[in-house]
Amino acid sequence: MTRRKRRYVVPGVENEMKAFKATVMKGEGYVVDPNQPDDVKYEVAKELGVPLQPGYNGDLNTESAGHIGGKIGGAMVREMVRLAQEQLTNREQS
């Protein structure tokens, strides 16, 4: 099975989203290669005790995969909400 292609609503933001993921996950205490921020999933998996390996992971159950993605995505969403709240506060003070 091939990996699905991610599509962002705003065209051309792929590099910015990778940089954002790297920044957020560094803030969470993970070692992140800025050139390969998606590889942080292996560090998260190891921390959670999930046997994620590069390549085929067909024997990995959905719940385990969700724990990895949830930890990464949850951190990113929390940071996006924090940034939006900060912008709204700044706008109200102007």
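Contact check for Asp33 versus Asp39: no side-chain heavy atoms found under the 4.5 Å cut-off. The shortest distance between side-chain heavy atoms of Tyr42 and Gln53 does not fall below 4.5 Å. In this structure, Met17 and Met76 have side chains that are in contact, with non-hydrogen atoms separated by less than 4.5 Å.
Nearest heavy-atom pair, Lys26 versus Val32, reported as atom, atom and distance to 0.1 Å: CE-O, 3.6 Å. The two residues Ser64 and Val50 come nearest to each other via the heavy atoms CB-CG1, 3.8 Å.
A continuous path of Ile, Leu, Val, Met, Phe, Trp and Tyr side chains, each step under 4.5 Å between heavy atoms, connects Met80 with Val13, placing both in one hydrophobic cluster. Connection of Val10 to Val24 is established within a shared hydrophobic cluster, with ILVMFWY side chains joined at heavy-atom distances below 4.5 Å, either directly or through further cluster members.
Looking at Glu28, its side chain never comes within 3.5 Å of a backbone N or O of Ala75 through a donor-acceptor pair. Remark: the backbone N or O of Gly55 is paired with a side-chain donor or acceptor of Asn57 at under 3.5 angstrom.
Put simply, NZ on Lys18 and CG on Asp38 are 6.0 Å apart, with the number rounded to the nearest 0.5 Å. Note that CD1 of Ile68 and NZ of Lys46 are 13.5 Å apart. Values are rounded to the nearest 0.5 Å. In this structure, the separation between NZ on Lys21 and NZ on Lys41 is 7.5 Å, given to the nearest 0.5 Å.
Between the side chains of Tyr30 and Glu47, at least one donor N or O lies within less than 3.5 Å of an accepting N or O.
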- request: Would you please test Met25 and Val44 for side-chain contact (heavy atoms from CB on, under 4.5 Å) and show each step?
  value: CA-CA 10 Å; Met25 295 313 290; Val44 171; 4.0 Å; yes
query: After noting the C-alpha distance and the side-chain angles of Leu83 and Phe20, does the key distance pass the side-chain contact (heavy atoms from CB on, under 4.5 Å) rule?
result: CA-CA 12 Å; Leu83 290 169; Phe20 181 70; 3.9 Å; yes
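For Arg91, the side chain to side chain contact (heavy atoms under 4.5 Å, CB included) criterion is met by Leu88, not counting sequence neighbours.
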